[in-house]
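Here the structure comes first, spelled out in structure tokens, and everything after it is commentary.
Lettering follows sequence order; numbering is per chain, from 1.
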Number of protein chains: 2
Amino acid sequence: MTRRATTHDVARAAGVSLSTVDRVLNDRIGVREGTRRRVQEAIDRLGYRRDAAAAALSRDTFYRLLFLLPDRGSTFIRSIAPKLRETADGPEGMRTEIHTITVPMLDAPSLVTALDQVMPDAYDGVALVGTDARIVRDAIDRAVDRGVHVVTLVSDVPGSRREHYVGIDNVAAGRTAASLLGRFIGTEPGAVQVVLGSRQLRDHIERLFGFEQVLGTEFPHLDLLPVIEGFEDNDRTAEALQARLASSPDLRGIYIVGGGKQGVLSALRASGPPSLIRVVGHDATPHARQALMEGYFDAVLNQDPGHETRSAVRVLKCLIDGTPIHQDQERICIDIFLRDNLP
Amino acid sequence: MTRRATTHDVARAAGVSLSTVDRVLNDRIGVREGTRRRVQEAIDRLGYRRDAAAAALSRDTFYRLLFLLPDRGSTFIRSIAPKLRETADGPEGMRTEIHTITVPMLDAPSLVTALDQVMPDAYDGVALVGTDARIVRDAIDRAVDRGVHVVTLVSDVPGSRREHYVGIDNVAAGRTAASLLGRFIGTEPGAVQVVLGSRQLRDHIERLFGFEQVLGTEFPHLDLLPVIEGFEDNDRTAEALQARLASSPDLRGIYIVGGGKQGVLSALRASGPPSLIRVVGHDATPHARQALMEGYFDAVLNQDPGHETRSAVRVLKCLIDGTPIHQDQERICIDIFLRDNLP
DNA sequence: CTGTTAGCGCGTTCAG
DNA sequence: CTGAACGCGCTAACAG
């Protein structure tokens, strides 16, 4: 086979014209059953595969997508906007117009307002970092009813009629963290500290759930100290942790569920060189990498923001086109980084 | 900005014709410096970005690629061929003709024979799973001299003039394995067993090197038992390991560098339920996943064969076109899977 | 040195 | 129900 079959080849082989082939390919009406079968047979026989690039070129359609991103938040959250811009500049951005609106973080009413302004005559699809509130869920459903395609990004809004969630399985991430931390700590009894960003963030709650689940069943010799909620504020987190370090000499492990890594890091640094306290956190930000290299952190779970923005764009296009989503390709992995396999 | 600028727009804005724009875009000769500047300025001003798909379509060039794959080997090695077929059917396979030749495993002369038959009038590029031998290195250099682009896949051939290596950093993988295993085992003294596929495989040797390096410096309380070389034969591996299990009651960890996972698994199963022996292996094959779920294995390092075949195809195309390779995108990550983050 | 023209493979009119 | 003709954005071959 020296070159791929084209629609011309199929048309010739089936003894029909190009447009008939096109009709069969795109399941359009107006083809006699016999003709359709002849064409289909030619397609199979020649091993014809549609040239997606040429198809997109000729269709000349534009996808209009809107991303609703928090105006601030953790280093990870803030990395999404630039990655989205890269995505828009890359191949997935072809024939695609991507707008971004920033919304106050953790402010459900603002998110609802933004969502309610998304009209199907301006946008074909919208991606949003979910805030878990009933009013948000309802606003998503209204948008879907209006004919706008909706996906959630990084943090899901279950119960809503969003058509897809782009992000990691946060319960599994919590379980993974517990598995790692538990094994790192070993069999001696001790205490474990969880540092949480905010209980309003669904992804953080889910991680905590998975973490407690595995720690309780598989590492019962480890005590869970009262959770520190740092509200993604590093100073506040550092202070609280420092107090805990002083009061709990049996502390053997820390799980940083969300923001506040830098706070944890400065508290640890203040209490001396890397000790026997094992630390697992999330998101391979520059500070986290540094902490891994220095030995203050032992492992970092990561979700690749570039993968996520690209997946969100691909999924929205599929939803708009009505073509199926490749679940396997769109699954966002929980990456584990140690000092030794940092990219 | 309602739609992207095209070459037409640039031409109009600069007051020149399409072909002049094309010449500037593709750094071709025959454009006066002043004209070039005017065009470049228009490109920047309009934010013009070339539509890669349309370019490929019009160029109408076919990439002829050859993959030399081992005829047998581990489950992982055998997974490459089907993944390559998927790649050929996917978007990277557009305008690309991918042939595969299977070569006897670990047989340098056969690989050399195959390589010497690759002529630039038949193939633009070759990807091969390296066998580390001088004659292979020389054959690669001859192919490059002939004008064929060469990349190594999964196992590198350093010292050759191959233009790229598609695969994980195996020394780093060995270090990662040691980091994990060492931390999992803890601070008590004990012995560690390495199970090797073959000393002829460069990737295995490199992993072993990295592993010994970290184990020796960071976990000096762990003794390294004499390496078991299983030649990717499960029965042989199982037998040798069973003997070792009997003779070394202080065995606390096993690192499976290459093939033979099923052999290790059957030996472990034979000696009872998951014990205090920690096991780290490579490649998330079905058996490895099963072993993780059952608790016989603790972690599996993985390289995604699909990523690798796609990267190989992309890189070869870049080499053929003379366009730069995106090092970041083409870096193959060392994935770590625990039971809890299996995809 | 620069411009004109004819496709690449497909989708989309609009005629038959 | 079917076919012919045009154009998407870009490159290449050929004129000026």
Between Arg146(A) (side chain) and Val118(A) (backbone), is there a donor-acceptor pair under 3.5 Å? yes
When the distance from CZ of Arg12(B) to P of dT4(C) is rounded to whole Å, what number comes out? 14 Å
dG9(D) phosphate, OP1 or OP2: any side-chain N/O from Thr7(B) under 4.0 angstrom? no
Rounded to whole Å, how long is the line connecting atom CG of Leu18(A) with atom C1' of dC14(C)? 16 Å
Determine whether Ile332(A) and Asp304(A) satisfy the following criterion, side chain to side chain contact (heavy atoms under 4.5 Å, CB included), listing intermediate values before the conclusion. CA-CA 8 Å; Ile332(A) 308 294; Asp304(A) 188 305; over 6 Å; no
Residue Leu57(A), side-chain atoms from C-beta onward, closest of dA12(D), dC8(D), dC10(D): dC8(D)
Decide yes or no, distance alone: a donor-acceptor N/O pair under 3.5 angstrom between the base of dG9(D) and the side-chain of Arg49(B). no
Take the protein atom CD of Glu33(B) and the nucleotide atom P of dC1(C), then report the distance between them rounded to whole Å. 11 Å
Would you say the side-chain atoms of Thr285(A) and Thr75(A) include a donor-acceptor pair closer than 3.5 Å? no
Check every strand shown and say whether Asp22(A) touches a base, only sugar-phosphate, or nothing at a heavy-atom separation below 4.0 Å. base
Is the shortest side-chain N/O distance from Thr35(A) to OP1 or OP2 of dT2(D) below 4.0 Å? yes
So, does the side chain of Ser19(B) form a donor-acceptor pair with the base of dG3(C) at under 3.5 Å? yes
Indicate whether OP1 or OP2 belonging to dG3(C) is found under 4.0 Å from a side-chain N or O atom of Thr20(B). yes
Specify the separation, in whole Å, of atom CZ of Arg28(A) and atom P of dG11(C). 7 Å
Atom-to-atom span, CG of Asp51(B) to P of dC10(C) - whole angstrom: 16 Å
Taking 4.0 Å as the cut-off, does a side-chain nitrogen or oxygen of Thr6(A) come that near to OP1 or OP2 on dC8(C)? no
Is it the case that the base of dG7(D) and the side chain of Arg59(A) share a donor-acceptor contact (distance under 3.5 Å, atom types as modelled)? no
Whether Lys317(B) side chain and Glu92(B) backbone form a donor-acceptor pair below 3.5 Å: yes
Using a heavy-atom cut-off of 4.0 Å across all strands, would you classify Arg36(B) as base, sugar-phosphate, or nothing? nothing
Within the distance-only criterion (no hydrogens, no angle test), does the side chain of Arg49(A) pair as donor or acceptor with the backbone N or O of Asp89(B) below 3.5 angstrom? yes
Can you check the Asp9(B) CG to dC10(D) C1' distance for me, whole Å? 13 Å
According to a strict under-4.0 Å criterion, is Arg23(A) in side-chain N/O contact with OP1 or OP2 of dG3(D)? no
Are Arg142(B) and Asp145(B) within salt-bridge range, i.e. N to O under 4.0 Å? no
Mapping Ala54(B) and Ile29(B) onto DNA chain C by nearest heavy atom, which one lands closer to the 5' end? Ile29(B)
Atom CZ of Arg95(B) to atom P of dT11(D): distance rounded to whole Å? 13 Å
Any side-chain N or O of Ser58(A) less than 4.0 Å from the OP1 or OP2 oxygen of dC8(D)? no
Looking at every strand, decide which applies to Arg50(B) at a 4.0 Å heavy-atom threshold: base, sugar-phosphate, or nothing. sugar-phosphate
